Amino acid sequence: MGSWNDILKEVNETQSQYDYVRRKYLKELSDYTGRNTIAYYSSWLNKQGNNLDINDADMTGFMACVHGLDCTKGLDLVLHTPGGSPAAAEAIVSYLRAKFGNDIRVIVPQLAMSAGTMIACSAKEIIMGKQSSLGPIDPQFNGIPAYNIMMEFEEAKRDLLADPNNAQYWAIKLQQYPAAFMKTAIDAIQLSGKLIEEWLGTCMFDKNNPSDQAIIATIVSKLNEHDDSKIHGRHLNAEFCKKIGLKISMMEDDGELQDKILSLHHAYMITLDGTPAIKIIENQNKKSVISNIQIMAR
């Protein structure tokens with residue numbers, strides 16, 4: 001077995017080969033659209049660990065990738081994420097809007113769930129394919145949907161009112177949650193709905209237009225777990241998203257654009273599968289912040 005330095009060298013050389021192909025496709029997409037392009041990719045589909053979700057640490061990556069860009073060219077944000085913190089999503093959207101105004105499109109090659117869906121709803125337009133999906137907007141806490149947490153506490157309340165003898169069972173079951181966690185979950189659910197209502201009304205739609213107000217209310221309702229989307233992981237395809245009123249453009253309508261988006265997507269997925277990378281935030285000028293799985297020395 002090689003030395004620890006040999007292992008690190010091999011990892012770095014392998015990753016650099018993937019970097020070349022991935023960045024080539026990212027630059028080609030940006031050149032084709034004439035817009036700045038930032039890709040945000042998580043490896044949650046094939047890896048486990050921390051920092052797979054949208055969180056406050058992501059701001060460093062976005063700041064690094066926005067620095068030096070000509071913001072008058074707008075932004076295409078390519079998203080592949082399981083979602084995460086609505087508060088972190090709020091900070092990211094606020095920052096990107098401060099830099100690019102409302103000239104932001106979100107491209108979803110495959111999946112942008114939960115807080116990823118929220119970020120998509122902040123854009124002026126969402127580009128999807130027949131294979132693409134958004135998801136319900138309830139946030140997650142360590143991979144557990146906030147709506148499920150709230151429902152479990154509600155079930156405990158009803159059960160204990162009916163039979164106080166079950167107190168020990170619920171004490172054991174609910175001890176996995178920190179104190180006041182139900183309040184945190186409820187606050188996060190309410191924040192999610194409030195944020196996308198605000199974002200939809202200040203970019204994709206006009207909150208002062210009565211007809212747009214009705215569309216916004218429908219979108220918020222249909223994306224909210226309190227409606228009929230009781231399964232957090234439910235995949236909402238492009239046709240569903242268009243039906244509820246979101247402004248969706250289909251990548252299939254432009255064959256060359258579709259080829260460039262999917263080539264980029266496959267390059268990122270191959271990188272995440274073949275390297276220690278678990279999250280990549282990267283722009284068309286090769287600026288990136290890459291989070292790797294921690295390799296323990298032996």
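Worth saying up front: this structure is predicted, and the values here are computed from it rather than measured. Basis for what follows: all heavy atoms, side chains included, without hydrogens, waters or symmetry-related copies.
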key: Where I137 and S192 come nearest, the two heavy atoms and their spacing   = O-OG, 3.4 Å
key: For Y169, all residues meeting side-chain contact (heavy atoms from CB on, under 4.5 Å), sequence neighbours excluded   = K173
task = Test I126 against every option in I107, V108, L79 by the side-chain contact (heavy atoms from CB on, under 4.5 Å) rule and name the one that passes.
result = V108
request  = Look at K242 together with E239 and state whether they make a salt bridge at an N to O cut-off of under 4.0 Å.
outcome  = yes
Side chain to side chain donor-acceptor pair (under 3.5 Å) partners of residues 249-259, not counting sequence neighbours, each pair once = Y32-D254, E125-S249
query = Can you name the nearest heavy-atom pair linking G83 to S114, along with the distance?
reply = CA-CB, 3.7 Å
Worked verdict on T60 versus D58 for side-chain contact (heavy atoms from CB on, under 4.5 Å) = CA-CA 5 Å; T60 300; D58 294 332; over 6 Å; no
request  = In sequence, state the C-alpha distance, the side-chain angles, and the governing distance for L257 and L29, and then conclude on side-chain contact (heavy atoms from CB on, under 4.5 Å).
outcome  = CA-CA 7 Å; L257 177 65; L29 176 58; 3.7 Å; yes
inquiry  = Which residues pass the ring pair (Phe, Tyr, Trp, His ring centres under 6.0 Å) test with Y41, not counting sequence neighbours?
reply    = H80, H265, Y268
task = Mind listing the closest non-hydrogen atom pair of D53 and P82 along with its distance?
result = CA-CG, 4.4 Å
remark   = Residues passing the side-chain contact (heavy atoms from CB on, under 4.5 Å) test with A87, sequence neighbours excluded, are S85
Main-chain N/O of N209 paired with D212 side-chain donor or acceptor, under 3.5 Å = no
query = Where the side chain of S122 meets the backbone of I119, is there a donor-acceptor pair that is under 3.5 Å apart?
reply = yes
message = Test of understanding: clusters of I, L, V, M, F, W, Y form through side-chain heavy atoms closer than 4.5 Å, transitively. Do V289 and L26 belong to the same one?
response = no
remark   = Sorted by chain and residue number, the side-chain hydrogen bond (donor to acceptor under 3.5 Å, both in side chains) partners of K73 (sequence neighbours excluded) come out as none
Pairs where residues 194-206 contributes a residue and the test side chain to side chain donor-acceptor pair (under 3.5 Å) is met, not counting sequence neighbours = R97-T202
ask   = Under the side-chain contact (heavy atoms from CB on, under 4.5 Å) test, which residues partner K243, sequence neighbours left out?
value = none
request  = Indicate the atoms forming the closest heavy-atom contact of C71 with V66, along with that distance.
outcome  = SG-CG1, 4.4 Å
task = Can you sort out the partners of N285 under side-chain hydrogen bond (donor to acceptor under 3.5 Å, both in side chains), two or more places apart, ordered by chain and number?
result = none
task = Test T37 against every option in L75, L77, V78 by the side-chain contact (heavy atoms from CB on, under 4.5 Å) rule and name the one that passes.
result = V78
query = With sequence neighbours left out, what residues match R105 under side-chain hydrogen bond (donor to acceptor under 3.5 Å, both in side chains)?
reply = D76
task = Could you tell me which residues satisfy ring pair (Phe, Tyr, Trp, His ring centres under 6.0 Å) with F100, sequence neighbours excluded, listed by chain and number?
result = none
task = Mind checking side-chain contact (heavy atoms from CB on, under 4.5 Å) for N46 and listing every partner two or more places apart, or none if nothing turns up?
result = S43, D273
ask   = Could you go step by step and tell me if R23 and S288 meet the side-chain hydrogen bond (donor to acceptor under 3.5 Å, both in side chains) rule?
value = CA-CA 10 Å; R23 290 168 178 169; S288 63; 3.0 Å; yes
request  = Please check if the side chain of N36 supplies one atom and the backbone of D70 the other of a donor-acceptor pair under 3.5 Å.
outcome  = yes
ask   = Looking only at heavy atoms, what is the nearest atom pair of M204 and K247, with distance?
value = O-NZ, 2.7 Å
message = Whether the side chain of Q131 engages the backbone of P109 through a donor-acceptor N/O pair (distance < 3.5 Å, no angle test) should be reported.
response = yes
message = If you count heavy atoms of other groups shown closer than 6.0 angstrom to CE of M59, is the number above 12?
response = yes
key: Steps toward salt bridge (charged side-chain N to carboxylate O under 4.0 Å, His left out) verdict (K286, D19)   = CA-CA 9 Å; K286 302 180 182 179; D19 290 345; over 6 Å; no
request  = Flag yes if I215 and M128 sit in one hydrophobic cluster, no otherwise; membership is Ile, Leu, Val, Met, Phe, Trp, Tyr, and two members link when side-chain heavy atoms are under 4.5 Å apart.
outcome  = yes
inquiry  = Assess whether a salt bridge exists between D103 and R35, defined as any Lys/Arg side-chain N lying under 4.0 Å from an Asp/Glu carboxylate O.
reply    = yes
key: Nearest atoms (heavy-atom pairs only) where T117 meets L223   = CG2-CD1, 4.0 Å
key: Set of side-chain hydrogen bond (donor to acceptor under 3.5 Å, both in side chains) partners for S291, sequence neighbours left out   = N51
